[in-house]
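Within every chain, numbering begins at 1; the chains are lettered A, B, ... in the order of the sequence lines, protein sequences first and strands thereafter. Predicted, not measured: the structure shown is a model, and the values here were computed from it.
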Number of protein chains: 2
Amino acid sequence: MKKTRDQLLDIAERHFAIYGFAGATLRGIIKDAGTNVASIAYHFGTKEDLFQAVLERFAKPVVSQQLSKLETELQSKNLKLRNVLLAFYEPPMKMAHSLGKKGEILSLFLGRSQTEPEPVFNEVDKHYADCRDQFIKAFERALPGLTKEDYHWRFEFMLSLIVCFLTRQKQIRGRYETRTDWNPDEAINRMISFCESGF
Amino acid sequence: MKKTRDQLLDIAERHFAIYGFAGATLRGIIKDAGTNVASIAYHFGTKEDLFQAVLERFAKPVVSQQLSKLETELQSKNLKLRNVLLAFYEPPMKMAHSLGKKGEILSLFLGRSQTEPEPVFNEVDKHYADCRDQFIKAFERALPGLTKEDYHWRFEFMLSLIVCFLTRQKQIRGRYETRTDWNPDEAINRMISFCESGF
DNA sequence: ATAAAATTCAATCATATGATTGAATCATAC
DNA sequence: GTATGATTCAATCATATGATTGAATTTTAT
């Protein structure tokens with residue numbers, strides 16, 4: 001039997017992903033988790049504390065995977081843009097795919113975390129700030145000679161592709177494909193190719 | 001005089017853009033609009049009806065501008081990809097910029113409308129469905145020889161850039177720029193160049 | 001000017017929500 | 001086994017929310 005705390009995190013993650021911060025309700029969460037309202041207060045505190053806990057649990061691993069992959073690439077003398085892009089795209093995409101239904105939730109949450117207007121999501125930016133800096137530095141090394149502004153714009157464009165893919169994948173796939181499964185490698189490749197040319 | 005109705009639409013638009021559908025409250029809206037809760041019921045009906053009215057008012061003009069620009073381009077014997085992209089990007093970007101503060105709201109709304117999970121936003125897709133089909137057809141003409149899937153992916157990527165730009169522009173600009181104003185032409189050009197290579 | 005229609009308003013309803021409390025239950029150490 | 005602390009629970013609070021009503025006010029048409 002799963003611990004209440006973990007169960008709550010799983011369900012809360014799903015609800016925040018699907019309904020957003022404002023749209024998710026503690027009662028909806030505890031109902032799905034089969035527990036009591038007070039258990040949230042006991043384990044986490046307020047609704048916002050719960051959200052931060054969810055964020056902490058999933059954002060950190062993804063970012064650290066991205067950074068460690070990037071680190072590996074940086075060792076190489078001949079840093080290739082394509083490999084930097086791969087280091088960025090692969091962790092979240094693979095995770096989103098490998099986890100199946102849960103990955104769908106996670107990716108939705110990840111995508112939403114970039115677009116939600118709620119103040120709580122400002123915290124998200126902090127989680128990603130260091131990651132962004134590192135990748136922009138890598139871009140400068142892989143593709144020297146551009147202006148600071150160029151790198152920022154292109155990083156944003158690169159990020160846009162995956163944010164929208166993750167946030168909208170269900171609608172997109174529903175529109176374009178019949179099959180319910182998707183190929184992460186194809187998606188990654190398409191994103192990388194698109195960006196590589198764009199850069 | 002339809003003063004109250006328009007006022008409500010303006011304020012509601014802002015609130016939906018900033019707080020999302022679930023986060024926006026009728027009381028918050030009527031307080032800013034300086035009117036009464038019942039006025040919403042009178043002029044629109046339910047909260048969802050109000051949302052649809054907001055959507056109707058702003059989405060239609062943008063889409064119709066995009067389509068009419070595209071129509072013009074389609075007249076040309078030698079259809080250029082760049083011009084198709086311009087037809088897509090210019091209307092929402094110009095509108096977002098020219099309206100200043102209000103444009104910021106509109107663009108936030110526009111961006112959010114592509115990522116919100118709420119069922120109400122499913123309606124948004126209908127508004128854009130025809131527009132998407134037309135542009136994909138134009139892509140096929142401007143850049144023949146690709147598979148159906150290719151066009152869909154690239155359309156999504158193109159869309160991603162502007163969705164994320166509009167949704168995140170404030171955060172982005174806050175991070176990268178000191179000045180509060182922005183240059184729509186520069187943004188449009190950067191998007192087009194990035195896509196043109198990607199295609 | 002006046003009646004009818006359109007619009008606005010204060011008051012209220014029923015429910016939902018985040019949060020808190022104190023008692024009950026469970027797990028663990030001794 | 002029992003005492004202690006950790007965890008769960010039902011009950012409750014205060015407020016917020018979407019919606020509705022009927023009276024008051026304003027606008028419009030004649």
**Student:** Would you please name every residue forming a side-chain hydrogen bond (donor to acceptor under 3.5 Å, both in side chains) with B:R154, sequence neighbours left out?
**Tutor:**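 Scan of B:R154 (side-chain hydrogen bond (donor to acceptor under 3.5 Å, both in side chains), adjacent residues dropped) gives none.
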**Student:** Can you confirm whether B:V84 sits close enough to B:L143 that some side-chain heavy atom of one is under 4.5 Å from a side-chain heavy atom of the other?
**Tutor:** no
**Student:** Write down the distance between CD1 (B:I30) and C1' (C:dC9), rounded to a whole number of angstrom.
**Tutor:** 11 Å
**Student:** Would you mind reading off the distance between A:F44 atom CZ and C:dG18 atom P, rounded to a whole angstrom?
**Tutor:** 15 Å
**Student:** Just how far, in rounded Å, is C1' of D:dT7 from CG of A:D6?
**Tutor:** 15 Å
**Student:** Can you tell me the distance, in whole Å, between the NZ atom of A:K47 and the P atom of D:dA16?
**Tutor:** 15 Å
**Student:** Suppose we call two aromatic rings close when their centres sit under 6.0 Å apart. Are B:F51 and B:F16 close by that rule?
**Tutor:** yes
**Student:** Taking CD from B:E48 and P from D:dT17, how many angstroms apart are they, rounded to a whole number?
**Tutor:**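 So the CD-P distance, B:E48 to D:dT17, works out to 18 Å.
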**Student:** Rounded to whole Å, please give me the gap between NZ in A:K31 and P in D:dT8.
**Tutor:** 20 Å
**Student:** Do the ring planes of A:F165 and B:W153 sit parallel (below 30°), tilted (30 to 60°) or perpendicular (above 60°)?
**Tutor:** parallel
**Student:** Tell me every residue that passes salt bridge (Lys or Arg N to Asp or Glu O under 4.0 Å) with A:R82, counting only those two or more places apart in sequence or in another chain.
**Tutor:**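 Once residues adjacent in sequence are excluded, the partners of A:R82 under the salt bridge (Lys or Arg N to Asp or Glu O under 4.0 Å) criterion are A:E196.
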**Student:** Please list residues of residues 35-42 of chain B whose heavy atoms come under 4.0 Å from any atom in DNA chain D, ordered by number; otherwise none.
**Tutor:**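 When residues 35-42 of chain B is checked for heavy atoms under 4.0 Å from DNA chain D, the hits, listed by number, are B:A38, B:A41.
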**Student:** Judged by each residue's nearest nucleotide on DNA chain D, which is more toward the 5′ side, A:H43 or A:R27?
**Tutor:**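 Whichever sits nearer the 5' end wins; that is A:H43.
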**Student:** Atom NE2 of A:H15 and atom C1' of C:dG18: how far apart are they, to the nearest Å?
**Tutor:** 16 Å
**Student:** Any sub-3.5 Å donor-acceptor pair from B:Q75's side-chain atoms to B:E71's backbone N or O?
**Tutor:**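 Pair found, side chain donor or acceptor close to backbone of B:E71.
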**Student:** Starting from C1' on C:dT20, measure out to CG on A:L26 and report it in whole angstrom.
**Tutor:**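 Going from CG in A:L26 over to C1' in C:dT20 covers 13 Å.
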